[in-house]
Structures are given as C-alpha cells and as structure tokens.
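Just the heavy atoms: all of them, side chains too, but no hydrogens, waters or symmetry mates, feed the values below.
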Amino acid sequence: MNLTVNGLPRTLQAGASVADLLAAMDAKPPFAVAVNTSFVPATRHAQHLLQPGDHVEVISPVTGG
C-alpha cells in the first residue's frame with residue numbers, strides 16, 4: 001500500500017501497523033506519531049493498522065539551539 005510519511009511517498013505491505021512502519025524506518029525513540037493528523041499513542045502502535053493513502057508524521061524532538 002502507498003502512504004505518505006513525513007511528506008514523502010512510501011510503500012508498505014497491506015495490513016501494516018504503525019509499529020511495522022517504525023521498524024521499517026529504523027526509528028529510534030523518542031518520537032511521536034500522527035496518522036492523518038491524529039496522535040497515535042505508543043501503546044497503540046502495534047494495533048493501529050495503516051490504510052492506503054494515510055498521511056503519517058513521525059516527529060522527533062531536536063535539542064540545542
């Protein structure tokens with residue numbers, strides 16, 4: 001299925017979850033995830049199944065200034 005992740009197109013297998021996406025991205029905590037502008041808590045990453053066309057934002061804090 002085709003998604004948009006952080007503004008870029010990405011393809012994942014059908015039935016993939018947010019946790020699957022994060023693993024594919026090799027995302028390292030801390031981060032926050034929003035799907036179609038709705039925050040997805042870390043406790044729901046494995047259960048939240050992505051849908052074709054979803055827009056996902058994975059946001060990591062940046063320190064320094």
Can you name the nearest heavy-atom pair linking P30 to S60, along with the distance?
O-OG, 3.6 Å
Side-chain hydrophobic cluster, 4.5 Å single linkage: members besides L3:
M1, V5, L12, V18, L21, L22, M25, F31, V33, V35, V40, L50, V56, V58
Could you give all pairs that pass the salt bridge (charged side-chain N to carboxylate O under 4.0 Å, His left out) test and reach residues 18-37, with sequence neighbours left out?
D26-K28
Contacts of type side-chain hydrogen bond (donor to acceptor under 3.5 Å, both in side chains), residue T11, not counting sequence neighbours
N2
Under the side chain to side chain contact (heavy atoms under 4.5 Å, CB included) test, residues paired with L49 that sit two or more places apart
S17, Q51
Pairs where residues 35-57 contributes a residue and the test salt bridge (charged side-chain N to carboxylate O under 4.0 Å, His left out) is met, not counting sequence neighbours
none
Fellow cluster residues of V62, listed by chain then number, with links counted only when side-chain atoms sit under 4.5 Å apart
none
